[in-house]
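One structure is given below, encoded as structure tokens.
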Number of protein chains: 2
Amino acid sequence: MSQDRTKLRWNGWGWVAHKDDVAQREDVWSWLATEMGMPALLATPARPLEGLTLPDSKLSLQNRVELSGIVGAAQVRDSAFERAFHALGRSYHDLLRLRAGDLSTAPDAVVYPRGTDEVVAVLALAARHQIAVVPYGGGTSVVGGVTGRRADFPTVIALDLSEMDRVIDVDPVSCTAVVETGIYGPALENALKAKGFTLGHTPQSFEFSTVGGWIAHHGAGQGSTLYGRAQDWLVSAKLATPRGMMETGTFPASAAGPRLNDLIVGSEGVFGVITEATLRVHRLPEVCAYQGYLFRDFQSGAAAIRAATQDGCERVMLRLSDAEETQFLQAYASLGKVKGALSRLGGLYLGLRGFADRPCLLIAGFEGSAEATSKARRRFDALAGHYGALALGGKVGERWRQSRYQAPYLRDPMLDRGVGVDTIETAAGWSKLDALYAATRAALENTIRETVPRDGAHGIVMCHISHSYQDGASLYFTYVFPRAIAGDIEQWKKIKAAATEAIIANGGTLSHHHGIGEDHLPWMVREKGSLGLDVLRAVKTALDPDGIMNPGKLIP
Amino acid sequence: MSQDRTKLRWNGWGWVAHKDDVAQREDVWSWLATEMGMPALLATPARPLEGLTLPDSKLSLQNRVELSGIVGAAQVRDSAFERAFHALGRSYHDLLRLRAGDLSTAPDAVVYPRGTDEVVAVLALAARHQIAVVPYGGGTSVVGGVTGRRADFPTVIALDLSEMDRVIDVDPVSCTAVVETGIYGPALENALKAKGFTLGHTPQSFEFSTVGGWIAHHGAGQGSTLYGRAQDWLVSAKLATPRGMMETGTFPASAAGPRLNDLIVGSEGVFGVITEATLRVHRLPEVCAYQGYLFRDFQSGAAAIRAATQDGCERVMLRLSDAEETQFLQAYASLGKVKGALSRLGGLYLGLRGFADRPCLLIAGFEGSAEATSKARRRFDALAGHYGALALGGKVGERWRQSRYQAPYLRDPMLDRGVGVDTIETAAGWSKLDALYAATRAALENTIRETVPRDGAHGIVMCHISHSYQDGASLYFTYVFPRAIAGDIEQWKKIKAAATEAIIANGGTLSHHHGIGEDHLPWMVREKGSLGLDVLRAVKTALDPDGIMNPGKLIP
């Protein structure tokens with residue numbers, strides 16, 4: 001049932017068996033070099049695990065015996081692979097460190113509980129023995145959320161929930177499902193599908209992330225406009241803490257004081273471990289129709305999304321790439337047949353070059369009953385037309401949908417070629433979005449120029465709006481740049497800091513759906529205020545008085 | 001600008017000038033007596049304020065001078081009216097106490113700040129001098145949320161926000177409004193209307209409650225399916241605490257850790273005072289069309305609501321009365337021309353007696369664009385037909401809408417006649433709703449029978465579903481009963497306890513939109529769990545270390 005960890009890359013994305021078609025495509029790499037103002041790209045292969053030395057495990061024999069007494073000896077694992085796999089998440093700089101062989105944050109052991117009671121017992125034991133505990137779902141955090149940080153604790157373990165992956169109950173009347181939180185996206189959707197339901201939570205990490213991670217990091221799937229984000233679909237949760245269980249009530253709504261659910265969503269493992277959750281699920285849609293549209297510029301596309309959202313165009317997911325992202329997707333695709341990597345806009349788009357200098361691609365997804373999606377589509381067609389868009393039809397949309405989880409696989413071959421790639425995302429009110437977009441783009445472009453290894457080289461900065469709300473939207477930037485090989489982590493830090501400062505100065509949030517982890521800690525006081533942080537610290541102390549839970553994350 | 005307090009009843013509902021037409025209608029009272037199995041009703045008039053003695057104000061001269069230094073001498077008030085008005089909320093038992101002349105919870109003074117800075121200064125002063133502070137908006141709490149409880153503090157003040165009632169900004173691009181939280185419903189809607197917007201939050205207390213109260217008590221308006229409840233429409237808030245200001249970020253969505261907004265929604269004044277809020281507002285609907293439907297029974301009506309909610313019938317408010325409530329409304333209306341009290345079903349309904357033994361009235365409200373409401377209405381018409389309903393047309397719906405705020409006015413004349421009336425409300429998943437309904441109804445009926453002043457007398461227990469969600473709905477019970485004059489508070493406590501136990505035993509929440517206050521405290525540990533309460537206590541200590549904020553509410 002559970003995910004076999006050894007089939008996954010310990011220092012990269014996804015399946016070991018995944019074929020990185022693009023890796024050998026020299027035409028792609030020479031095109032990319034030119035696009036970045038580089039004469040050529042370097043070979044920068046990763047170090048294999050076999051050649052690396054891990055720090056000695058600090059787990060004492062006594063602790064191992066006691067842990068084994070709770071979960072069974074086979075569930076306490078400390079092979080090099082297990083420890084390396086759980087050392088870091090999957091952010092750009094995590095990958096830099098893993099590929100360079102830096103396993104200094106490898107946990108002393110990985111514990112795989114198989115039930116809530118075992119988790120509670122492990123946490124109580126850990127509190128008694130001063131063992132730091134890093135809750136671990138799929139490990140796809142891109143903000144340093146699962147780094148095996150031991151802080152001042154002598155021992156650190158990763159608590160891997162992936163063997164707690166049962167669907168406990170599906171209630172077809174209330175449209176809710178009770179699940180263990182270690183379940184991966186595909187396993188969850190398959191189990192729900194068998195009962196006629198879907199959660200509809202499809203982050204880019206869908207194949208390799210878990211329900212617990214989605215909740216802990218305030219997740220939003222690509223279809224959150226259709227199905228809600230974690231805070232919307234979580235009905236209730238069980239949180240195992242060092243002080244025992246906290247359960248929130250399973251009610252559709254309640255006025256019985258502050259919603260404790262909302263302290264669990266976004267808690268990033270620092271209060272406890274989310275072991276079970278009740279989720280709002282939906283009947284399987286009759287129709288999933290994805291359509292492409294081309295707008296003349298980012299502003300008109302954004303205006304169409306705002307109009308659709310504020311005027312109540314329901315049952316539609318809208319995702320708008322800016323001109324740079326549209327051009328990158330188009331150029332990359334025009335190199336031909338890089339299978340399953342990114343959407344191809346195809347000949348339709350190529351034939352329309354006269355349409356606008358800087359066209360912007362919008363993908364609209366309609367899901368629901370045949371009648372409702374057809375209505376919604378007609379309505380959005382009219383609205384897009386009103387904002388000057390060209391309808392590209394269903395092929396472009398369907399290609400996007402089919403390749404929606406593929407983009408992260410590009411990172412490994414890019415990192416093999418001296419190319420850096422990272423993302424940064426935020427959200428703000430509609431009235432702030434233009435300035436936020438311009439300032440963040442400028443900060444990224446400028447800092448990349450300042451940190452590239454060669455004068456005249458530069459990055460490729462792309463952005464899309466992926467989640468829209470009545471009062472605002474998210475901006476998701478992807479930036480590709482020539483790595484400063486000798487100081488690539490410093491380079492990343494500079495870029496990240498400049499972009500984050502631009503975001504905060506322009507009214508954006510530190511994160512729309514990636515979370516805080518370790519990476520955003522320096523800015524948390526500006527997001528939450530000092531009293532806000534005091535509140536989070538007070539909650540942590542109430543649930544985790546010894547501070548063993550995921551040290552160094554979320555709360556500075 | 002602000003609400004003139006002296007135009008409001010200090011011991012009853014609403015305007016002093018409101019004419020209680022029903023008070024002199026002997027036919028109504030003799031009908032009601034018969035319905036409850038009573039030979040006649042007693043005259044039980046309220047004691048006038050003039051004859052009452054208030055406890056001496058404990059506000060020291062020094063404290064008064066310091067408070068006056070912050071807000072101005074005219075803003076520190078301690079007339080008998082001010083203190084009596086602020087002694088209690090407007091629950092059934094609050095009214096019993098006020099009418100009996102029990103002013104033991106009158107605050108020592110009422111302070112009217114005129115800005116956030118003044119509130120912060122007052123709270124800091126109060127913390128220094130051990131003055132308990134009861135934040136007060138409209139004072140319409142029906143759960144003991146504004147009782148002037150002094151706990152162990154020598155002095156207690158009510159902090160009345162009603163002079164902080166400005167609309168600071170309306171952002172037409174992001175569709176948000178920034179307001180001071182002391183603003184009443186009508187003033188808010190008038191100001192928004194002038195800019196083309198509405199919040200659409202219409203609780204039954206709309207005319208006499210404030211934005212701050214709606215947030216603090218986790219409010220849900222009658223149209224929450226259309227416009228969301230407080231947790232949905234609150235973008236961000238400023239919370240003045242004894243330790244200074246806490247502000248939450250104004251983002252459409254964020255993954256930057258737990259949402260602190262959700263500690264403010266439902267905080268009931270125990271963490272601080274909500275002074276400003278940014279709200280999601282909507283463009284004024286083109287159309288507000290309210291329609292009546294008659295279902296053969298409660299189950300088929302509930303099934304129709306569930307189908308509409310789960311299948312994504314958008315832009316519709318649905319409110320279903322059970323057979324007892326439908327019959328009461330009909331009978332009451334058939335007594336004729338009791339103006340503005342309750343909806344009249346009218347001749348249409350009377351002519352349809354053959355339709356079902358126990359017909360149930362459903363009001364459906366459609367708001368939005370002409371096109372969207374027309375579509376939504378056609379869709380719900382079809383769905384209601386599928387569940388065997390008769391469409392009654394727009395008159396019944398419009399009458400309900402026009403009289404939607406009138407029902408609370410019935411309480412005062414009922415209390416003058418020895419009739420008790422209270423409400424209790426909850427919510428649960430659809431799969432639990434039938435059992436919850438039956439058990440709560442039984443608990444109410446049985447306990448009323450056990451506590452009425454005369455053998456054979458009984459209550460009238462009515463219920464409606466007023467708020468529906470994909471995963472469940474609220475149940476709102478109204479019960480009318482002959483008062484046990486000698487022990488009317490004890491009678492209320494017994495009824496309340498029995499109904500609450502039935503609610504908890506059947507998976508309902510302690511409150512769907514009234515809140516906790518003092519009344520639900522004994523059951524809070526069963527709603528939130530002991531760790532959950534520890535979390536709330538920790539948050540309180542972080543923000544209000546001296547415990548001066550609204551003592552005795554929310555957290556046991």
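Keep in mind the model is a prediction, meaning the values are calculated, not measured. A note on names: the letters A, B, ... follow the listed sequences, proteins ahead of strands, and every chain is numbered from 1.
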Just by distance, do the side chain of [X] and the backbone of [Y] share a donor-acceptor pair under 3.5 Å?
X	Y	answer
B:Asp262	A:Pro258	no
B:Ser174	B:Thr176	no
A:Gln470	B:Val281	yes
A:Arg280	A:Pro252	yes
A:Trp430	A:Ala303	no
A:Thr509	A:His512	no
B:Glu527	B:Ile504	no

Tell me, side chain or backbone of A:Leu554 under 4.5 Å from chain B's heavy atoms, or both, or neither?
side chain
Quick check on A:Thr241 against chain B: is it the side chain, the backbone, both or neither that has a heavy atom closer than 4.5 Å?
side chain
Ring pair (Phe, Tyr, Trp, His ring centres under 6.0 Å) with B:His218: which residues, sequence neighbours excluded?
none
Among [options], which has the most heavy-atom pairs under 4.5 Å with chain B?
options	result
A:Ser369, A:Gly515, A:Gly529	A:Gly515
A:Ala216, A:Ala256, A:Ser530, A:Gly507	A:Ala256
A:Arg259, A:Met246, A:Arg229	A:Arg259
A:Arg283, A:Glu371, A:Gln231, A:Met524	A:Gln231
A:Leu260, A:Ile264, A:Thr541, A:Leu536	A:Leu260
A:Gly472, A:Ser254, A:Ser474	A:Ser254

Side chain, backbone, both or neither of [X] within contact of chain A (heavy atoms, under 4.5 Å):
X	result
B:Arg537	neither
B:Ala220	neither
B:His217	backbone
B:Ser468	neither
B:Asp232	neither
B:Asp534	both
B:Lys375	side chain
B:Leu543	side chain
B:Val270	neither
B:Ile516	both
B:Met245	backbone

Find the one option among [options] whose heavy-atom pairs under 4.5 Å with chain A are most numerous.
options	answer
B:His282, B:Glu268, B:Glu247	B:His282
B:Ser267, B:Cys175, B:Gly429	B:Cys175
B:Ala230, B:Gly508, B:Gly219, B:Gly368	B:Gly508
B:Val535, B:Leu239, B:Leu531	B:Leu531

Separation of A:Asp471 CG from B:Phe251 CZ (nearest 0.5 Å)
11.5 Å
Pairwise distance NZ(A:Lys528) to CD1(A:Ile555) - rounded to 0.5 angstrom
10.5 Å
Shortest non-hydrogen pair, A:Ala427 vs B:Ala253, comes out as CB-O, 3.7 Å
Would you please indicate if the ring centroids of A:His513 and A:Tyr476 are separated by under 6.0 Å?
yes
Quiz question: by atom type and distance under 3.5 Å, do the side chains of B:Glu367 and B:Thr373 form a donor-acceptor pair?
no
The side chain to side chain donor-acceptor pair (under 3.5 Å) partner of A:Ser236 among A:Thr248, A:Thr250, A:Asn261 is A:Thr250
